[in-house]
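See below for the structure under consideration.
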Amino acid sequence: MFVKTTNSIRFCREGEWLTIRPWGENGLRVQAARCEDIPKENWALLETEEFIARVEYINATVDGKEICEAAIITNGKITATVNRFGKLTITNDKGEVMLKEYWRDDKVSKKQYDSSLMIWGRELKPIVDGDYSLTVRFEPNDEKIYGMGQYQQAIMDLKGCDMELAHRNSQASVPFYISSKGYGFLWNNPAIGRVVFGKNMTTWNARSTKSMDYWVTCGDTPKEIEQQYATVTGKTPMMPDYAMGFWQCKLRYRTQEEILSVAREYKKRNLPIDVIVIDYFHWPFLGDFRFDEKYWPDPDSMLKEFKDMGIEPVISIWPFVEDKSENYPEMNERGYLVRSEKGLQIALSQRGHSMPYDTTHPGARRFVWEKAKKNYYDKGIKIFWLDEAEPEYQVYDFENYRYYLGPNTQVGNIYPNCYAQGFYEGRRAEGETEILNLIRCAWAGAQKYGTLVWSGDIHSSFESFKQQICAGLSMAISGIPWWTTDIGGFSGGHVDDPEFHELLVRWFQYGTFCPVMRLHGNRLPFTPGTDLIGGGCCGTGAPNEVWSYGEEVYNLLKPYLFVREALKPYIKEVMTQAHEKGDPVMRPLFYEYPQDENCWNVEDSYLFGDKILVCPVTDYKQRKRKVYLPEGDVWTDVWTQQKYDGGQWVTVSAPLSQIPLFCKDGFDSTVILNAAKENGLE
């Protein structure tokens, strides 16, 4: 049954209400629920200006009666058609099918041979004592699929993949993808679930939800689709100038004097450094959100010295609050902590029993920001490192936690966005516009809160390094322009291991051409803690500065610090594109060259902005590699200055001192070459 409206499609069948309406340019929002009033939450989507769609109703005579056979809604380049049984098909402005629901019911498909299956394209099935489990099925497409967030796998084309829609340490579910067929799809539902991009069908599932909600757009190029997505979910702020250079970090600087000595050494050596990071357990107890006076006795003088050196400090925030924290009684009493459905109120045992604060609770967000403002921001700290943002439950029993907005299984993936939102809104209230939060996880739309996502506690290995190339590019296509890794990986690298030295050099080269260049890691050998409580109870990794690995490694790393510095004007241009248009900083080759079929298959190289082709070396003792140069431009090898026509594969030398780099005509490649050579690169 169609309920005729002027700017949308409304359809009801057997208690399910389907609504399709225009949302942004060339976009449609598709919602369904077992009630006439669709839930009001927009989740990742922003309210947009009203677009006027063209709605048509097609009548037909069935059994002697005139009925509405189908309804059609068109918004620019996208059209959705719903037949009288509720089956949905989405086409572009050329009439090509982008998405078609998978139904196996003879009344809907008019094919008697499959009538016994009785499979519907949309199923909202009641959960006993709950809401609904949701399954949405689409017919298979001959397509490539890119995006969906960050998964630790060396795979960019996700066709054929089975993916968990949930966050874990180093896994961020951002359920937006771009298809090679020419459409973008957002699963606008923060529930825990799965998606399978199968050969026989694509299946989306939410374990617990109140409704179905997704957004689709069509475009002529990936860039057009990405920019339309950024418009409806929010664009990233402009990255501050001070964040575009080199970040120094390690697990963990234990004292005020230790971190100051590192900053002074960088200045003594005349090395570029913009940011330095104060890591976790600088506090007395988890959830205190302040410095431990025993190990950080005079933070005001420390922060003044950083300012005098032109270095911005970053402070680590964890969402967990242990029962010994000075803030625990009040936060628990006010309902600001996540609740367990069963058992004890313990989600993590990290030097004590703790629960994360409930970032979906507006009051909890305000409470934590006020503590951070008083103890950090008002002292001059501008950047917050929002760690453990999934949050990292000690056991990922998603069904055992309840938030202010609902059960974890129903809303849990929104947690990191709300975490970033609290710190973003707090700083906006202080008049800031260029806001950055380093965070370990994100969901769709997080970019509007200034999220710089890093890939979590990954292993220090060449295998893990390879995975970061695809992880970063997938996050970029998912609408998160700011992304980075722990250069060298987080765990497993020994300071005296020659293989790790080579890994660090190769990763450092790659990190030079990431949105943020940040050296971090828990290096071996590990030093145990020195105290039973407070900041001394945690140990620390071995030194992790550029000079910590001997002169040979130092001389290989140092030139890339100056390359990064020389590229700052170009990086600012690229960051402006991200801010104003929604373009990613790291770009798969097909993003700029969609007409070149080879570019859709390259997963180990990428564009840094639109002018620099970066080709990381990801195997131990590899000294040359094959590179594809996109068709339509002339490319210059940075190191040899040799020019090549695009549209061909070339094999180039890759000595340990060099990452293969190419610049297209119009960009002065000697900016990179001279910065490296003037600072010791051979």
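Note that the numbering runs from 1 along the sequence shown for the chain. Here the structure is a predicted model, which means the values were calculated and not measured.
Between the side chain of D157 and the backbone N or O of I145 there is at least one donor-acceptor pair closer than 3.5 Å. When atom types are taken as modelled, the side chain of R122 and the backbone of G86 share a donor-acceptor pair closer than 3.5 angstrom. T89 places no side-chain N or O within donor-acceptor distance of the main-chain N or O of T81, the cut-off being under 3.5 Å. Side-chain N or O atoms of S211 include none that pairs as donor or acceptor with a backbone N or O of A33 at under 3.5 Å. A side-chain donor-acceptor contact under 3.5 Å links E224 to the backbone of D220. Looking at N205, its side chain never comes within 3.5 Å of a backbone N or O of G193 through a donor-acceptor pair. Listed for the H167 side chain is no donor-acceptor partner under 3.5 Å among the backbone atoms of P391. A donor-acceptor pair is defined here as one N or O able to donate and one able to accept, closer than 3.5 Å; such a pair exists between the side chain of T231 and the backbone of Q227. Side-chain atoms of N92 come within 3.5 Å of backbone N or O of G95 as a donor-acceptor pair. In this structure, Y146 contributes its side chain and W600 its backbone to a donor-acceptor pair below 3.5 Å.
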Passes salt bridge (charged side-chain N to carboxylate O under 4.0 Å, His left out), D583 versus K223? Steps please. CA-CA 7 Å; D583 292 316; K223 180 175 290 189; 5.1 Å; no
Given side chain to side chain donor-acceptor pair (under 3.5 Å), test Q228 with T217 step by step and report yes or no. CA-CA 8 Å; Q228 287 167 183; T217 186; 2.5 Å; yes
Test salt bridge (charged side-chain N to carboxylate O under 4.0 Å, His left out) on E226 and K581 and set out the steps. CA-CA 9 Å; E226 191 76 32; K581 299 180 179 181; over 6 Å; no
Carefully, step by step, assess R104 and E139 under the rule salt bridge (charged side-chain N to carboxylate O under 4.0 Å, His left out). CA-CA 11 Å; R104 293 298 182 265; E139 297 280 356; 2.8 Å; yes
Candidate pair Y628 and D596, rule side chain to side chain donor-acceptor pair (under 3.5 Å), full reasoning: CA-CA 11 Å; Y628 182 72; D596 186 339; 2.7 Å; yes
Verdict with supporting geometry, R137 and E101, salt bridge (charged side-chain N to carboxylate O under 4.0 Å, His left out): CA-CA 6 Å; R137 304 178 180 92; E101 287 183 336; over 6 Å; no
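The two residues Q577 and R587 make their nearest non-hydrogen contact at OE1-NH2, 2.5 Å. Pairing each heavy atom of A53 with each of P22, the nearest pair is CB-CG, 3.9 Å. Shown here for S605 and L613, the closest heavy-atom pair between the two residues is CB-CD1, 4.3 Å. The minimum heavy-atom distance between A230 and G582, with the atom names listed, is CB-CA, 3.7 Å.
By the 4.5 Å heavy-atom criterion applied to side chains, S460 and L503 are counted as neighbours. Under the 4.5 Å side-chain criterion, counting only non-hydrogen atoms from C-beta, F176 is in contact with W215. Two residues are said to be in side-chain contact when any heavy atoms from C-beta on lie closer than 4.5 Å; E390 and R440 meet this criterion. Counting heavy atoms from C-beta on, the side chains of P616 and Q509 never come closer than 4.5 Å. Counting heavy atoms from C-beta outward, Y570 and F608 have side chains that approach closer than 4.5 Å. Looking only at side-chain heavy atoms (C-beta outward), D619 and E463 stay at 4.5 Å or farther from each other. Contact of the C615 side chain with the I659 side chain is not registered, since no non-hydrogen atoms from C-beta on lie closer than 4.5 Å. Counting heavy atoms from C-beta on, the side chains of Y151 and S474 never come closer than 4.5 Å.
Seen from the ring of F462, R506 does not count as a face-on cation partner, given the 6.0 Å and 45° thresholds. The cationic atom of R29 (NZ for Lys, CZ for Arg) lies less than 6.0 Å from the six-membered ring centre of W23 and within 45° of the ring axis. In this structure, R625 is not positioned above the aromatic face of W649 in the sense of NZ or CZ being under 6.0 Å from the six-membered ring centre and within 45° of the axis.
Q171 and Q152 share no donor-acceptor pair across their side chains, judged by distance under 3.5 Å alone. Inspection of the T451 and N437 side chains reveals no N or O donor paired with an N or O acceptor under 3.5 Å. In summary, the side chains of D633 and Y593 do present a donor paired with an acceptor at a separation below 3.5 Å, with no hydrogens or angles considered. No hydrogens or angles considered: nothing links the side chains of Y396 and Y401 as a donor-acceptor pair under 3.5 Å. Under 3.5 Å, the side chains of E143 and S179 contain a donor-acceptor pair of N or O atoms. Using modelled atom types, one finds a donor on one side chain and an acceptor on the other under 3.5 Å when comparing D358 with T360. Q150 and S170 form no side-chain donor-acceptor contact under 3.5 Å, judged by distance and modelled atom types alone. Side chain to side chain, W247 and T484 fail the donor-acceptor criterion of an N or O pair below 3.5 Å. In this structure, a donor-acceptor pair under 3.5 Å is present between the side chains of Q468 and S455. Side-chain contact of N169 with D457: a donor-acceptor pair under 3.5 Å is present, judged by distance alone. Between the side chains of N601 and K144, at least one donor N or O sits under 3.5 Å from an acceptor N or O.
More than 12 heavy atoms of other residues, nucleotides or ligands lie within 6.0 Å of CG in N200, so this atom counts as buried by the packing criterion. Within a 6.0 Å sphere centred on NZ of K77, other residues, nucleotides and ligands contribute more than 12 heavy atoms. Atom NZ of K125 has 12 or fewer neighbouring heavy atoms from other residues, nucleotides or ligands inside a 6.0 Å radius. Other residues, nucleotides and ligands contribute only 12 or fewer heavy atoms inside 6.0 Å of the NZ atom of K572. For CD of Q622, the number of neighbouring non-hydrogen atoms (other residues, nucleotides, ligands) closer than 6.0 Å is greater than 12. Annotation: K100, atom NZ; neighbour count of heavy atoms from other residues, nucleotides and ligands within 6.0 Å does not exceed 12.
Taken to the nearest 0.5 Å, the CD1 atom of I414 stands 8.5 Å off from the CD atom of Q421. Rounding to the nearest 0.5 angstrom, the gap separating the CE atom in M212 from the CG atom in L124 is 7.5 Å. One distance of note links CG of L589 with CG of D604; it measures 9.0 Å at 0.5 Å rounding.
Each of L134, T135, L165 was compared with W204 under the side-chain contact (heavy atoms from CB on, under 4.5 Å) criterion, and only L165 meets it. Residue Y419 forms a side-chain contact (heavy atoms from CB on, under 4.5 Å) with just one option from P356, C441, P319, and that option is P319.
Note on ring orientation: taking the six-membered ring where Trp is involved, the planes of Y403 and Y415 are tilted (angle from 30° to 60°).
Listed by chain and number, the residues in a side-chain contact (heavy atoms from CB on, under 4.5 Å) with R428 are Y424, T433, I435 (sequence neighbours excluded). For S208, the side-chain contact (heavy atoms from CB on, under 4.5 Å) partners at least two apart in sequence or on another chain are I127, T409, Q410. Partners of E41 under the side-chain contact (heavy atoms from CB on, under 4.5 Å) rule, at least two apart in sequence or in another chain, are P39, W43.
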